[in-house]
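As structure tokens, the structure follows; a few thoughts come after it.
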Amino acid sequence: MSFKLPDLPYSHDALAPYMSRETLEYHHDKHHLAYVNNGNNALKGTEWEGKSLEEIVKGSFGKNPAVFNNAGQHYNHLHFWNWMKPNGGGDKLPGALEKAIASDLGSVAKMKEDFAQAGATQFGSGWCWLAVKGGKIVVDKTPNGESPLVKGATPILGCDVWEHSYYIDYRNRRPDYLKAFLDHLVNWDYVAELYAAATK
Ligand code: FE2
């Protein structure tokens, strides 16, 4: 299976002012495209050619950095575009997800605080996450193109804290970007869908 850049599930203007057209033009049209192209080149002739994306990400971790970095980032970005929507974010979560968060992480407010803290303290490029591990929701952070997938967990929400995701709109204010992501962008319905699939 070769990698392909999907269209954004909304227009490039749809997430403004929290994520601008210019950011999405660079981030989706150029950065994600580069992961797709470089990943397809790196895959050629390897044992992972023809495997599913998740198999490639898990299988190449620690074995083939060129394949892993690009496949990992392709996987992360495919979800990232769907983890956001216009007029998203906020504290109104689908019931089953809200209940699970309250039970596993204390409350929605505490989850948001811990998620933002994980993103703010990820040194250098990387991601912060909600993931399901052993049936429970956990907060995590990873460097570069890694994700909870390589730790035996299932990602249900991730925020890209590479500078290419926020520098045009927020400059060095990563915490402000994380707050805007949680308050105005997260597609909680998609998170709930992934949570249900990970726990069924
Ligand atoms: Fe990115």
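Just so you know, ligand 1 is whichever comes first in the structure, and atom 1 is the first atom listed for that ligand. Bear in mind that the values here come from a model prediction, so they are computed numbers and not experimental data.
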Please list all pairs meeting side chain to side chain donor-acceptor pair (under 3.5 Å) that have one or both residues in [range], counting only residues at least two apart or in different chains.
{"range": "residues 92-109", "value": "none"}
{"range": "residues 139-157", "value": "Thr121-Lys141, Trp129-Thr142, Asp140-Lys151"}
{"range": "residues 109-118", "value": "Asp91-Lys112, Lys110-Asp114, Lys112-Asp183"}

Residues Trp127 and Gln73: side-chain donor-acceptor under 3.5 angstrom:
yes
Residue pair Asp169 / Ser20, side-chain donor-acceptor N/O under 3.5 Å:
yes
Pick from Tyr26, Tyr177, Phe181, Tyr18: which one makes a ring-ring contact (aromatic ring centres under 6.0 Å, His included) with Tyr166?
Tyr177
Restricting to under 2.8 Å, identify the protein N, O or S atoms around the Fe ion (ligand 1) as residue plus atom.
His27 NE2, His77 NE2, Asp160 OD2, His164 NE2
